[in-house]
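Please read the structure below before turning to the comments.
All values derive from a computational prediction rather than experimental measurement. Lettering follows sequence order; numbering is per chain, from 1.
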Amino acid sequence: MTVESTAARKPRRSAGTKSTAGKRTTARNAPGTDPELVQLLTPEGQRVKNAEYDKYVAGVTPEELRGLYRDMVLTRRFDAEATSLQRQGELGLWASLLGQEAAQIGSGRALRDDDYVFPTYREHGVAWCRGVDPTNLLGMFRGVNNGGWDPNGNNFHLYTIVIGSQTLHATGYAMGIAKDGADSAVIAYFGDGASSQGDVAESFTFSAVYNAPVVFFCQNNQWAISEPTERQTRVPLYQRAQGFGFPGVRVDGNDVLACLAVTRWALERARNGEGPTLVEAYTYRMGAHTTSDDPTKYRADEEREAWEAKDPILRLRRHLETSNHTDDGFFAELEDESEALGRRVREAVRAMPDPDHFAIFENVYADGHALVDEERAQFAAYQASFADEGGN
Amino acid sequence: MTVESTAARKPRRSAGTKSTAGKRTTARNAPGTDPELVQLLTPEGQRVKNAEYDKYVAGVTPEELRGLYRDMVLTRRFDAEATSLQRQGELGLWASLLGQEAAQIGSGRALRDDDYVFPTYREHGVAWCRGVDPTNLLGMFRGVNNGGWDPNGNNFHLYTIVIGSQTLHATGYAMGIAKDGADSAVIAYFGDGASSQGDVAESFTFSAVYNAPVVFFCQNNQWAISEPTERQTRVPLYQRAQGFGFPGVRVDGNDVLACLAVTRWALERARNGEGPTLVEAYTYRMGAHTTSDDPTKYRADEEREAWEAKDPILRLRRHLETSNHTDDGFFAELEDESEALGRRVREAVRAMPDPDHFAIFENVYADGHALVDEERAQFAAYQASFADEGGN
Amino acid sequence: MAETFKAETSTSMALAKAINESLRRALETDPKVLVMGEDVGKLGGVFRVTDGLQKDFGESRVIDTPLAESGIVGTAIGLALRGYRPVVEIQFDGFVFPAYDQIVTQLAKMHARSLGKVKMPVVVRIPYGGGIGAVEHHSESPESLFAHVAGLKVVSPSNASDAYWMMQQAIQSDDPVIFFEPKRRYWDKGEVNTEAIPGELHKAQVAREGTDLTLAAYGPMVKLCLEAANAAAEEGKSLEVLDLRSVSPLDFDSIQASVEKTRRLVVVHEAPVFFGSGAEIAARITERCFYHLEAPVLRVGGYHAPYPPARLEEEYLPGLDRVLDAVDRALAY
Amino acid sequence: MAETFKAETSTSMALAKAINESLRRALETDPKVLVMGEDVGKLGGVFRVTDGLQKDFGESRVIDTPLAESGIVGTAIGLALRGYRPVVEIQFDGFVFPAYDQIVTQLAKMHARSLGKVKMPVVVRIPYGGGIGAVEHHSESPESLFAHVAGLKVVSPSNASDAYWMMQQAIQSDDPVIFFEPKRRYWDKGEVNTEAIPGELHKAQVAREGTDLTLAAYGPMVKLCLEAANAAAEEGKSLEVLDLRSVSPLDFDSIQASVEKTRRLVVVHEAPVFFGSGAEIAARITERCFYHLEAPVLRVGGYHAPYPPARLEEEYLPGLDRVLDAVDRALAY
Ligand SMILES: Cc1ncc(C[n+]2csc(CCOP(=O)(O)OP(=O)(O)O)c2C)c(N)n1
Ligand SMILES: Cc1ncc(C[n+]2csc(CCOP(=O)(O)OP(=O)(O)O)c2C)c(N)n1
Ligand SMILES: [Mg+2]
Ligand SMILES: [Mg+2]
């Protein structure tokens, strides 16, 4: 004898893929209209009060504000230079951060030197904050290395291309900080697309269970290549955290001050032994996914235009101007500095030598490996055979 | 110029692993004391009202209640027989469901024939509800096959050993149901330990994004081999769902009526096109993880004893008795039926033949493979060489 | 189909387009066929292999998935259990590893585990190999890691016609097929006859006949081997080029037949030599042809090193000179 | 260390216990060494290899992890970046695949990616192989899938002494080491001299000298090969047994030296033959010893089929008769 199900037959559902179509507006609430979005500067550059987060930027001086502005402008200039270097054939590829300057500079400037950063492949602004020479970032896009800087030089890990992987490295690193009894923190960057990867969920689990001092900083730029965020989630991403036992917050990712405040709060939690935090910076990828991408295939110009009105740099400029924190000299000097940066980067890239052929065999292992030695020797003999033919 | 972090240095944290130790009580709230735990029958067998879920069991007749009781008793009897067959050397291993009968029978009896079940390796009670011959379950534990029943025979998929994998299969199957426009549903079983696997998180993402008609049924039996649930999460597991955009509910997993009601609710949601639901059945693994395990290494007897008072079968028996839904004849007949089942299983296992040696090469591919053919032929020749020596 | 047909039904098209047409035909013919993956919808995939398919067949047949490879393959398994025939795309070779567990422990073993009750007609499309100047993880050749796993079939076409027909056959197969697409040949054109009756999916084909030595390759390296054979011909050496097409199973009978004729074999692949396909071919052919071989089977492939940055890939990848060097060494025995 | 020492510091212990002692020593010696995995704490692991370690070194050195292999390896990478030396346990061979992506794309490549700036001293312990009557996924031998991947080192001890010393060396290595533990030999006892100076981690050792044919094996198959050599000796055949100990790198020099003496080679492993270690050994040794070999290199291993249910594993696994059959075939050339 079995108990019959009481659930009566209902009309047939339409195919599953359709039912989420209507969610578009939910997941894409425009900044400013979402009560849950932390915002300290409106798109018009007006400073709005926030009971919870104001204290984290209470001490920010006009000079510091100008510093944030300068960071964003120089980062954007660097990014534009890289894009044009790609067009000139000097780089094989470039992943532009255009539009995400506030999210990166705001969070990057919240960090202490002893904190550690795990970036994706798009955190050029954070690298800038860490003091990584921007030309170093170009090596992998030029194809001369796979990320050549010393991660421990500036506590800025290498770019990670396999989506989501670095969130686990960040968690492990943070577990190590806790073991050491230090009060440093870790910040792990990832995208809205990455939020779907199992590794990211596992990093949430590990960091929560071990109460690791890590800030998960998700730049929701609305797109994972051609897929809008609705292909990854049907509720706002910051909400993901609570089911793992730690807080999540959505911040206006085009508001550098809000990003600074919220990241400071999250870092403070980490330092105080309160464990992980998820920050969702709600922003927009103004450009293509990379220089290989063609966004006209999948998104409308109007969307981009709407976001242009919320430009992170323009917003802070308006604020600086209406607050009389600047004079024309500042902007003019910055313009010159930008141009100089562009020139320096251009020259550095063009001068970047191709790696030695034997680099293939270098660093495969730290302690050596007989087969690598054997193949290196064969390669050398093979190369020499041409030299013989040609030269002798 | 950089903006200095405002987060002041705080006293050093203790190592990360310690900070969750105090969570033990949070995660292990005793059933009945947790306001969020759905319970319809107290451990004493008293029916308690529940505004939300009563309607899902309103039509349950005394006969049906006796049916649930019978299911649980026979499942436990089968399980005990399997454990003793393992001790006798007839099985290589057994994973007992002792203590989890209500979670499995309650959820299993909520299903319709056209629904589809994706079990772990411990869902013997659900298999029972689906009409899978219990002796079929023993094949893999005896080592004669890796799960020999036809999944489509009873819409009960094979046992899956790689933790968490089946939740994605369940999601895909449910996506297929939606594509077909059918109103069947899928139920995916998994454990508290499994909740940490990336695959489970990905199944949450896919099912939410595609609004797939799947019920995720997590039996939180408090242990993943030797690890208590606090090693997997610091908040109750049912809360995991909301961050993926669908509801989660915690049900008293030792209360068969509550499990029936909550699963019916979740299945109804699925049939109505409302997408996935997470049900956390809060229960207890009364025995060892498997017959290979020694729980005295890692858990105290008192814990088990406390849970004995909440025994799922005893609870329903008390209810049946105080409600005068049964007479002594019922229990006596059931006792006989149990014994007969035990006998039948015992005999069937002992009679289970070893597979033919050539089975190694069977079913590796559906359409054949030249190498398998070659190796089969070599194997045959090799086997024949012994026959020649011995027989000719 | 190494030979090309010039029938009325024959069209010249790029390899990527041939796969696109093949997917289109499968979607048209069998309502159970699905195309799934990251960016396969509006974008048409990063290589445009699925271009236009979502537009014509709708979002429920051509499915943009969340960014999670294990989820893609895991749900494809579930869809296959429900009777669908999913063709899933992994965006690049280096991104198949998050799905490796589902492929190896579930997809490959489900048929055997169920004693044949359950079929797994899933095709996993993987653009693979180097030579396109890409960043890390975008140029690898991981076919060994799948060929070693029983339950999977592993194939790789070298030309447009094979791409079209092998995809048809892979989709029709009731076994899981890992379909490695030679991404650097995506833009190479070839004649495709959509009416021709194709050869067996797992049979090698003689791409060029020869008598002095056999070059065996698959996917992107077939073209290189044909070039090498051309160059060698100018020096009076007659090389036979075998397009293996299938890595699991390997068509040892065809290799053996060729080697019994030429008595020398060089295997060429982009994947690292160590534990690569060349090892398996060398071991088995040496056993089968021990008394025929005049020289050891030589292997040309990648080094035991991570795929290098783009500016080094020419040195890393087998090129014309390295193939000819191996040919010379083999002929010198 | 195939030879055993009978010094004062020498004790007889089971292979599992030898690993336990080796981990204990590492935890004592280096505060940066961590032990991580599922159930490694109070339970001491399902095979008791980590028994008592958490009790003595605390929860912050011997860490029970969530049930997520990618998480285990991924966080171990992070801990290594912070200066720790994690030794992680994968509970069984078949459960390493969820971690495969982290191992292949991150752990293996981090040193090269950073141009040597970052070291990855992570040991991944994997009890592997069959013969213990277990259910699915508990008896596999996936070493090929790691050996093919540059950046990883792959080793497998065959006896207690090697288990002890190779674990010491693996932990001291600045490279990631996949440490395959022959689970069916866990209970086999052997002398362990904790003061002996060990041989190189990646050097093969002659386990038994012989003149007529070389049997090469590692891990669980060394014992079987020694038994085969015993049996063959009774028939007047002198077999040399080489304990390879390391699968990546493979010690080709030692194999070559042996084969130049015996002129015949049979490789034995539990893993499927197709794309297995035997293929690589056969290919390379045939190239190195082309004029020395009297017979093709023969391979004895698993079939191209999922590891079968327990009641079939005796037929699936290489056994004495199958090894001797291959020996006879090789000698018949
Ligand atoms: C595991 C993996 N799968 C696929 C890719 C290919 N891929 C590169 S970037 C990208 C989209 C990432 O989107 P998101 O996480 O939102 O970051 P964004 O690019 O928007 O910054 C994809 C699919 C990859 N790099 N790794
Ligand atoms: C991927 C994977 N890792 C490890 C194991 C070994 N293992 C088998 S059962 C188990 C614990 C599972 O715990 P839980 O999910 O709570 O289910 P329960 O056994 O309690 O029913 C582990 C670690 C496995 N089967 N699969
Ligand atoms: Mg994005
Ligand atoms: Mg459990």
Heavy-atom pair with the smallest gap, counting every atom of [X] and [Y]:
X	Y	answer
Leu298(C)	Ala326(C)	CD1-O, 3.5 Å
Leu317(D)	Gly131(D)	CD1-N, 3.6 Å
Val267(C)	Gly278(C)	CG1-CA, 3.8 Å
Ile255(D)	Leu242(D)	CA-CD2, 3.6 Å

Given side chains that start at C-beta, do those of [X] and [Y] come closer than 4.5 Å, heavy atoms only?
X	Y	answer
Leu215(C)	Val323(C)	yes
Val104(C)	Phe146(C)	no
Phe275(D)	Leu250(C)	yes
Phe252(D)	Ile285(D)	yes

Just give me the residue among [options] that pairs up with chain C most often, heavy atom to heavy atom, under 4.5 Å.
options	answer
Val297(D), Ile281(D), Val247(D)	Val247(D)
Ala305(D), Ala99(D), Ala271(D), Ala295(D)	Ala295(D)
Pro142(D), Pro98(D), Ala282(D)	Pro98(D)
Ala112(D), Pro306(D), Ala147(D), Gly302(D)	Ala147(D)

Show the pairs of one donor and one acceptor atom, one from chain C and one from chain D, lying under 3.5 Å apart.
residue   : atom : partner   : partner atom : Å
Arg113(C) : NE   : Glu136(D) : OE1          : 2.8
Arg113(C) : NE   : Glu136(D) : OE2          : 3.1
Arg113(C) : NH2  : Glu136(D) : OE2          : 3.0
Arg113(C) : NH2  : His137(D) : NE2          : 3.4
Glu136(C) : OE1  : Arg113(D) : NE           : 2.8
Glu136(C) : OE2  : Arg113(D) : NE           : 3.1
Glu136(C) : OE2  : Arg113(D) : NH2          : 3.0
His137(C) : NE2  : Arg113(D) : NH2          : 3.4
His148(C) : ND1  : Phe274(D) : O            : 2.6
His148(C) : ND1  : Phe275(D) : O            : 3.4
Phe274(C) : O    : His148(D) : ND1          : 2.6
Phe275(C) : N    : Glu280(D) : OE1          : 2.7
Phe275(C) : O    : His148(D) : ND1          : 3.4
Glu280(C) : OE1  : Phe275(D) : N            : 2.6
Glu280(C) : OE1  : Arg299(D) : NH1          : 2.9
Glu280(C) : OE2  : Arg299(D) : NH1          : 3.4
Glu280(C) : OE2  : Arg299(D) : NH2          : 3.1
Arg299(C) : NH1  : Glu280(D) : OE1          : 2.9
Arg299(C) : NH1  : Glu280(D) : OE2          : 3.4
Arg299(C) : NH2  : Glu280(D) : OE2          : 3.0

Please classify the contact between Phe274(D) and chain C as side chain, backbone, both or neither, with a heavy-atom cut-off of under 4.5 Å.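 Both backbone and side chain.
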Give, as side chain, backbone, both or neither, the part of Val96(D) having an atom under 4.5 angstrom from any heavy atom of chain C. neither
Please enumerate all residues that pass side chain to side chain contact (heavy atoms under 4.5 Å, CB included) together with Leu312(D), with sequence neighbours excluded. Pro355(B), His357(B), Ala359(B), Ile360(B), Pro308(D), Pro309(D)
